[in-house]
Protein chains: 2
Amino acid sequence: MASGFETEDDGDDRGLLSDRIRNALTDEIATGTMAAGAALDEQQLADRFGASRTPVREALRQLAAGGLVELRARRGGVVARMTPERIMEMFETVAEIEAVCVRLATYRMTPLERSHLIELHDLSQPIVEAGDFDAYDSFNRQFHEAIYHATHNGFLAEQAIAVRNRLNAFRRTQLRQGERLRRSRDEHEAIMQAIAEGDGEMASRRMRAHMLNAATSLSRFIETNKPGGV
Amino acid sequence: MASGFETEDDGDDRGLLSDRIRNALTDEIATGTMAAGAALDEQQLADRFGASRTPVREALRQLAAGGLVELRARRGGVVARMTPERIMEMFETVAEIEAVCVRLATYRMTPLERSHLIELHDLSQPIVEAGDFDAYDSFNRQFHEAIYHATHNGFLAEQAIAVRNRLNAFRRTQLRQGERLRRSRDEHEAIMQAIAEGDGEMASRRMRAHMLNAATSLSRFIETNKPGGV
DNA sequence: AAGCAGGCTTCTGTATACACGAAGCCGCTT
DNA sequence: AAGCGGCTTCGTGTATACAGAAGCCTGCTT
């Protein structure tokens with residue numbers, strides 16, 4: 001994680017109650033179970049989770065820090081309203097940060113890291129053939145995180161992951177269009193090419209385009225089935 | 001602020017107790033009053049602030065979210081250890097984000113915003129002549145935030161400010177070398193030139209160099225008077 | 001003397017109780 | 001009838017109390 005909380009991953013069962021509540025609420029917000037703008041009553045949530053207000057409060061604060069909810073002093077919190085504009089802003093930000101990462105990574109990655117990345121990329125071929133969206137999603141995360149890591153800048157990597165996660169929370173149903181999968185891999189291919197040539201600037205531009213393509217694809221999806229709210 | 005907390009700025013007096021404690025702790029950590037690695041005992045802090053553990057806990061969580069302290073589950077928190085490596089990583093990250101911002105800003109700023117930025121920049125001339133460090137610091141923040149704003153990407157601007165603040169917390173005594181002040185303004189000048197020419201890429205490269213120069217200047221300062229150690 | 005085990009201490013995590021601020025409602029006034 | 005002011009109610013912010021885990025110290029064993 002990017003934030004200074006250290007708990008075992010998302011293992012839902014045991015662990016800190018406040019963390020379990022946070023994870024549960026994160027899911028509910030991400031999946032849209034809790035609509036944007038919905039009021040968050042501490043006591044009510046506490047009852048629902050069979051806990052007291054204390055861990056609920058902590059969970060809400062952490063969510064606020066992550067941007068998922070907004071807390072107004074002495075007036076409680078609401079699920080953060082995500083306008084399409086804001087989501088696009090987040091996408092652009094992720095795209096730019098990714099672009100920075102891949103440029104630095106190109107110049108700094110060790111031969112071992114480059115080899116690892118190539119291996120990873122090759123692995124995606126059969127996944128695309130099979131059209132396995134979940135597997136590709138997992139691979140995709142690995143691919144991008146390998147690039148973050150290869151920047152040899154831990155802080156930047158943390159920031160990248162944090163922003164990415166923050167965005168992930170809002171793309172409930174991912175982009176599940178068969179065509180996009182192949183195009184995504186092709187774009188990865190082009191990025192890998194630039195990396196191989198040691199052209200960080202080129203890799204950067206291609207990465208930015210790659211991310212913006214994904215954003216466009218998603219925005220089309222969002223436009224298609226608008227929920228209800230602002 | 002970039003985080004979802006909404007309270008009146010740093011007004012220290014009235015307001016939420018947890019916020020006052022958070023601000024106080026932020027200051028103490030930033031100024032080095034609390035050494036890195038120091039254990040943070042909730043009860044002890046509560047006593048010191050004449051409050052109960054509850055607001056102290058909330059303050060600590062917020063600080064953890066901001067990266068100033070590290071919380072280990074059931075084992076309390078410590079002031080985040082900032083190695084020189086990590087500080088440089090943060091600087092590089094800020095430099096890259098600033099570079100992104102100025103590139104986008106160059107392409108997107110309105111004539112009014114450009115005019116405002118030029119005006120701001122012109123204002124810094126007498127400040128440099130006078131060698132007024134505090135005034136320059138204030139101007140500098142305004143200058144950079146004007147650029148964030150001109151990206152017309154609110155999320156990116158928030159991220160930039162957040163990372164910048166996070167870094168600010170650790171540069172206790174700022175770079176107070178007379179020469180650096182003038183060089184800083186010269187670098188701003190060069191950036192302004194690139195903006196005026198509408199060359200976002202150039203502006204971006206110059207901004208990155210500008211920030212890394214500041215980092216080098218600071219790192220020299222840190223090297224000179226090392227506190228206690230890791 | 002050194003290593004291990006068990007109890008003890010201390011601190012976090014959670015629950016509960018209390019207080020104050022804020023929002024809505026009702027009655028009064030004009 | 002409409003606007004304003006006080007009251008009521010609800011919910012957050014803070015305090016206090018309790019339980020359980022992590023680390024430490026002590027005492028025993030080998």
Side-chain angles (χ1 to χ4, degrees), chain A residues 1 3-26 29 34-35 37-65 68-80, chain B residues 1 3-26 29 34-35 37-65 68-80:
Chain A
M1 267 296 259
S3 303
F5 304 109
E6 187 178 311
T7 324
E8 67 273 13
D9 248 0
D10 279 9
D12 255 33
D13 218 83
R14 50 126 193 270
L16 266 49
L17 189 48
S18 59
D19 283 348
R20 272 187 285 165
I21 294 174
R22 174 170 54 82
N23 288 333
L25 286 177
T26 300
I29 294 173
M34 297 215 89
L40 295 162
D41 186 288
E42 293 181 0
Q43 186 62 55
Q44 182 182 315
L45 289 171
D47 292 345
R48 196 149 71 74
F49 287 105
S52 78
R53 277 179 52 215
T54 312
V56 171
R57 278 180 72 81
E58 299 219 346
L60 288 179
R61 297 313 159 107
Q62 292 182 25
L63 291 174
L68 281 175
V69 309
E70 286 170 26
L71 294 179
R72 295 163 306 172
R74 251 177 251 283
R75 264 179 301 163
V78 295
V79 178
Chain B
M1 268 293 264
S3 303
F5 304 106
E6 187 179 309
T7 324
E8 69 274 13
D9 248 359
D10 279 8
D12 254 36
D13 219 81
R14 52 125 191 271
L16 266 49
L17 189 48
S18 59
D19 284 348
R20 272 187 285 165
I21 294 175
R22 174 170 54 82
N23 287 333
L25 286 177
T26 301
I29 294 173
M34 297 214 90
L40 294 162
D41 185 286
E42 293 180 2
Q43 186 62 54
Q44 181 182 317
L45 289 172
D47 294 344
R48 195 149 71 75
F49 287 105
S52 79
R53 275 179 54 215
T54 312
V56 172
R57 276 180 72 80
E58 299 220 346
L60 288 179
R61 297 312 158 106
Q62 293 183 23
L63 291 174
L68 280 175
V69 309
E70 286 170 26
L71 294 180
R72 294 163 307 172
R74 254 176 247 284
R75 265 179 298 165
V78 295
V79 177

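Any value given below was found using the heavy atoms of this structure, including those in side chains, with hydrogens, waters and symmetry copies removed. Labels below follow one simple rule: chain letters A, B, ... track the order of the sequence lines, proteins then strands, and each chain is numbered from 1.
- The side-chain heavy atoms of A/Gln62 and A/Asp19, taken from C-beta on, include a pair separated by under 4.5 Å.
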Quiz item: When you check every protein heavy atom under 4.0 Å of nucleotides 13-21 of chain C, what one-letter string (B, S, -) results, 5' to 3'?
Solution: BBBBB---S
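- The shortest distance between side-chain heavy atoms of A/Leu40 and A/Val78 does not fall below 4.5 Å.
- The interatomic distance linking A/Asp41 (CG) with D/dT9 (P) rounds to 17 Å, in whole Å.
- Annotation: side chain of B/Leu25 is in contact with side chain of B/Leu60 (closest heavy-atom distance under 4.5 Å).
- Among the atoms of the strands shown, only primed sugar atoms or phosphate atoms (P, OP1, OP2) are found under 4.0 Å from some heavy atom of A/Leu40.
- Atom CD of B/Gln44 and atom P of C/dC11 are 8 Å apart (whole Å).
- No side-chain heavy atom of A/Leu68 sits less than 4.5 Å from a side-chain heavy atom of A/Val79.
- With salt bridges taken as basic N to acidic carboxylate O contacts below 4.0 Å, none links A/Arg22 and A/Glu58.
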